Amino acid sequence: MKTFDEVVDFHGHSCPGLALGYRVSLRALKEFGRRSKDEEIVAVVENNSCAVDAVQLMTGCTFGKGNLIFRDYGKQVYTFFKRPSGKQVRISIDWKKPEENGEEEAMWERYLKGDHSAKVIKFVHDRKATKTRSILEADEKELMTVTKGRENLPPEAEIYRSIACERCGEKAAEPKVRIKDGKIVCIPCYDSASRRR
Ligand SMILES: [Zn+2]
Ligand SMILES: [Zn+2]
């Protein structure tokens with residue numbers, strides 16, 4: 001099992017989001033046992049925050065292997081499936097950040113408005129460290145809602161035929177190409193052609 005320090009190493013910094021992802025992953029692994037070597041676990045993540053880096057390193061669910069599925073819902077919800085059983089655990093984060101007093105809120109305001117003075121930076125850094133610690137130490141019950149079930153698995157990673165774009169010549173997966181003025185083109189070529197109009 002990876003430690004939080006190893007996760008920080010992978011991600012590049014320590015932050016509250018990463019701590020959430022770490023706790024979520026620990027919970028999923030508690031359910032499923034070991035790390036995914038070859039698509040044993042599939043993770044469906046409903047955001048693309050720092051937390052997902054922890055999920056990738058901890059559970060072995062990665063974009064490259066096709067067992068990390070991103071749904072752009074902007075929600076702190078993580079669902080893990082085990083293959084081939086379809087056993088499922090859904091984790092929804094309901095952690096509330098520690099209350100802030102007026103002075104602290106004012107400091108955040110300064111930071112968001114672009115004040116990067118040493119005093120403000122130190123404040124932000126300390127607050128983040130406090131939040132991170134509070135997440136790492138929180139009781140599971142105050143951190144997340146866990147529901148278990150069994151559901152249809154998301155489809156296995158699919159391999160598609162690649163088609164050469166008729167504009168730039170680069171290849172793209174078949175379901176991703178578009179038709180532009182009767183030509184088969186890749187998405188970037190499709191988009192740039194539309195912008196020129
Ligand atoms: Zn981060
Ligand atoms: Zn192209």
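The structure presented is a predicted model; accordingly, all values stated were derived computationally and were not measured. For ligands, and for the atoms within them, numbers begin at 1 and follow the listed sequence.
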In His13, the N/O/S atom nearest the Zn ion (ligand 1) carries the name NE2
Measure across Asp53 and His11 and return the closest heavy-atom pair with its distance rounded to 0.1 Å.
OD2-ND1, 2.8 Å
Which atom pair, heavy atoms only, marks the closest approach of Ala43 to Val55?
CB-CG1, 4.1 Å
What do you get for the angle at the Zn ion (ligand 2) between SG on Cys168 and SG on Cys165, to the nearest 10 degrees?
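My answer is 110°, to the nearest 10°.
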Report, rounded to 10°, the angle at the Zn ion (ligand 2) between the two atoms SG (Cys186) and SG (Cys189).
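The two atoms form an angle at the metal of about 100°.
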Just so I know, are the side chains of Lys97 and Trp95 near enough to count as touching, which here means a heavy-atom distance under 4.5 Å?
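In contact.
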Hey, what's the angle at the Zn ion (ligand 1) spanning SG (Cys50) and NE2 (His11), nearest 10 degrees?
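With the Zn ion (ligand 1) as the vertex, the angle is close to 100°.
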Give the C-alpha distance, both sets of side-chain angles, the deciding distance and a yes or no for side chain to side chain contact (heavy atoms under 4.5 Å, CB included) between Val7 and Met58.
CA-CA 8 Å; Val7 175; Met58 297 285 293; 3.7 Å; yes
